[in-house]
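Some notes on the structure that comes next.
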Amino acid sequence: MAKQCKKCGVPPTIHKTHVWRDGCIVDKGNGAANFCVYEASFHNDLMDKVGDHLWLPMDDVVFNVGRHASTRVIRDLLSSHPLMERIAFKAPFYHLSQQILVDFGKAMGTGDIEILEHRKGKYGSLIVRAPYNPAHGKAIIAGAIDAVYGYPVCSSINEEADSFTLELVPDREDVKTLETFSLLTAAGLAPQKLEPGYEMPTCKRCGTPLVIGDSYDFDIEKGVITEKASGERTVFIWVYSLNAIIREFGKELGQDIEDLFIAVERENFARKLSKTLWNEDLWGEDRIRQYLAQRGLGMLHEVYIDGDKISFMVKNSFIAPIVTGRLLALWEREHQADASYKHTVINDNLKLTITPK
């Protein structure tokens, strides 16, 4: 199998397993919204600032949530193909299957993953060079291993300057770890099927939206995705992970934590707009709809304008605070003014109202 589409450059592990529809990047088999396209620096800054706000290091939270999300995505991929699920990790197929998972992780921008050794049921080790986030990188690998073995696998991790090595022992984790593993689990994220509102032109060879190949460089060997316009590292990040963190912290701590997520996203996106997207015309209903849909952030359904007030309805908005932060930054750049906002999320539909401050 070619490592990238010869026409648009997108890896086949993306377009063979996922499709862009209803504002989401959806698993072709089970219809779950698995990924969104997200700046690595935004993710890392968000986790740092939430940790500072809570006086709580986020690495353990990111690891546990990401691990569960990774397990779920891999199991969903396998369950969509029953024959593959039955034979994938049985001799003599498991070496091929584990390489497919490595290629999948690298195509998502996880980093340069290399299996050093693995004897199924006995031991294994692998190294990941240049992970975009060590905690999330470890989570993705650990979750994939859990999916292979069918239960949370004991492991130890050695971190170095720009890499980590994971050693695994195919034995169940202890009860305490299993309890931690069950926290912050992901909700089902199947998007509503919507009337066609935005059809993205697609590559005639592989069917991926052309804007993905036009916007990003995929270095498959290094497991790195780079945004062409800004040179910024970008990842196909689990929507499950971000959704679980936002949902559970919001449930425990209330509106305050959601406002923090919004504030960090608003600040980061405003900085990006001023430095690398300053000449991009992202304002306007059609352009916003396109921007959100291509990144898997939801489908802009309606816009209401009433004097100085504007309201957006974004459907299938599984990470609504991130969408809210970006729309606020866009409005403030367009109007050269500070904004106030109100937002509600009902059944994964975001209603956001922006007014001048």
Side-chain angles (χ1 to χ4, degrees), residues 1-20 23-26 28 34-46 70 73 99-114 127-134 136-137 140-141 161-164 200-239 241-242 265 268-269 271-282 287 290-297 322 326:
M1 181 189 295
K3 291 189 175 181
Q4 291 172 260
C5 173
K6 292 181 179 179
K7 188 172 183 65
C8 71
V10 176
T13 45
I14 294 177
H15 62 72
K16 286 184 178 295
T17 57
H18 287 78
V19 63
W20 274 250
C24 301
I25 304 174
V26 177
K28 286 183 177 180
N34 280 346
F35 294 110
C36 67
V37 183
Y38 199 48
E39 293 84 350
S41 65
F42 284 26
H43 171 275
N44 297 339
D45 187 50
L46 178 63
S70 176
V73 169
Q99 188 57 50
I100 291 172
L101 292 181
V102 166
D103 292 343
F104 185 74
K106 292 170 79 168
M108 299 304 123
T110 302
D112 181 6
I113 306 167
E114 180 185 356
I127 186 170
V128 180
R129 301 177 184 89
Y132 69 90
N133 176 277
H136 222 146
I140 290 168
I141 302 301
D162 195 30
S163 68
F164 66 84
M200 286 181 275
T202 57
C203 174
K204 293 181 180 179
R205 186 179 182 93
C206 73
T208 304
L210 286 172
V211 68
I212 301 301
D214 290 342
S215 301
Y216 305 102
D217 278 322
F218 293 82
D219 187 330
I220 300 305
E221 297 304 319
K222 294 181 179 179
V224 172
I225 304 170
T226 305
E227 190 176 57
K228 292 180 180 179
S230 65
E232 185 164 17
R233 185 166 182 178
T234 306
V235 291
F236 278 64
I237 201 168
W238 311 127
V239 173
S241 299
L242 292 173
E265 189 70 19
N268 284 331
F269 196 56
R271 186 181 307 113
K272 183 170 182 176
L273 287 170
S274 67
K275 290 184 177 179
T276 61
L277 297 178
W278 62 270
N279 62 344
E280 291 278 342
D281 182 15
L282 297 181
R287 189 64 184 92
Q290 175 188 8
Y291 180 82
L292 295 178
Q294 72 190 39
R295 285 178 165 261
L297 295 174
I322 288 174
R326 296 204 174 204

*Counting N and O atoms only, with roles assigned by atom type, does the side chain of Arg233 sit under 3.5 Å from a partner on the main chain of Gly109, one being a donor and the other an acceptor?*
yes

*Heavy atoms only: give me the nearest Ala293-Met200 pair and the separation to one decimal.*
O-CE, 4.0 Å

*For the residue pair Phe35 and Phe104, categorise the inter-ring angle as parallel (less than 30°), tilted (30 to 60°) or perpendicular (more than 60°).*
tilted

*Working to the nearest 0.5 Å, report the span between OG1 of Thr208 and NZ of Lys7.*
12.5 Å

_Please verify the inter-ring angle class for His43 with His136; under 30° counts as parallel, over 60° as perpendicular, anything in between as tilted._
tilted

*Is a salt bridge present between Lys106 and Asp112, judged by a nitrogen-to-oxygen distance below 4.0 Å?*
yes

Taking distance alone, no hydrogens or angles, what donor-acceptor pairs closer than 3.5 Å link side-chain atoms of residues 211-220 to residues at least two apart or in another chain?
unit_1, atom_1, unit_2, atom_2, d
Ser215, OG, Val211, O, 2.7
Tyr216, OH, Arg295, NH2, 3.3
Asp219, OD1, Glu221, N, 3.3
Asp219, OD1, Lys222, N, 3.2

*How many angstroms lie between NZ in Lys6 and SG in Cys206, if you round to the nearest 0.5 Å?*
13.0 Å

*Find the distance between CZ (Arg129) and CD (Glu114) and round it off to the nearest 0.5 Å.*
4.5 Å

_When you compare the side chain of Thr13 with that of His18, does any pair of heavy atoms fall below 4.5 Å?_
no

_Gap between atom OG1 of Thr17 and atom CG of Asn34 - 0.5 Å precision_ = 8.0 Å

*Is Val235 close to Asn133 at the side-chain level, that is, under 4.5 Å between some pair of heavy atoms?*
no

_Using 0.5 Å steps for rounding, measure from the SG atom of Cys5 to the CD1 atom of Ile14._
11.0 Å

_Any Ile25 side-chain heavy atom under 4.5 Å of Val37 side chain_ = yes

*asked:* For a quick test of reading the model, state the closest non-hydrogen atom pair linking Val128 to Thr110 and the distance between them.
replied: CG1-O, 4.2 Å

*What pairs with Asn268 under side-chain contact (heavy atoms from CB on, under 4.5 Å), at least two apart in sequence or on another chain?*
Phe42, Asp45, Val264, Arg271

*Salt-bridge test for Lys275 and Glu232: reply yes if a basic N is under 4.0 Å from a carboxylate O, no otherwise.*
no

_Checking the side chain of Asn44 only, and the main-chain atoms of Tyr132 only, is there a donor and an acceptor separated by less than 3.5 Å?_
yes

*Where is the tightest heavy-atom contact between Gln294 and Trp20, given as atom of each residue plus distance?*
O-NE1, 2.9 Å

*Could you give the distance from NE2 (His15) to NZ (Lys28), rounded to the nearest 0.5 Å?*
8.0 Å

*Mind listing the closest non-hydrogen atom pair of Cys36 and Gly296 along with its distance?*
CB-O, 3.8 Å

*What are the two closest non-hydrogen atoms of Ile237 and Tyr38, and how far apart are they?*
CG2-CB, 3.8 Å

*Looking only at non-hydrogen atoms, find the nearest pair between Pro131 and Ser163 and report the distance.*
CD-CA, 4.2 Å

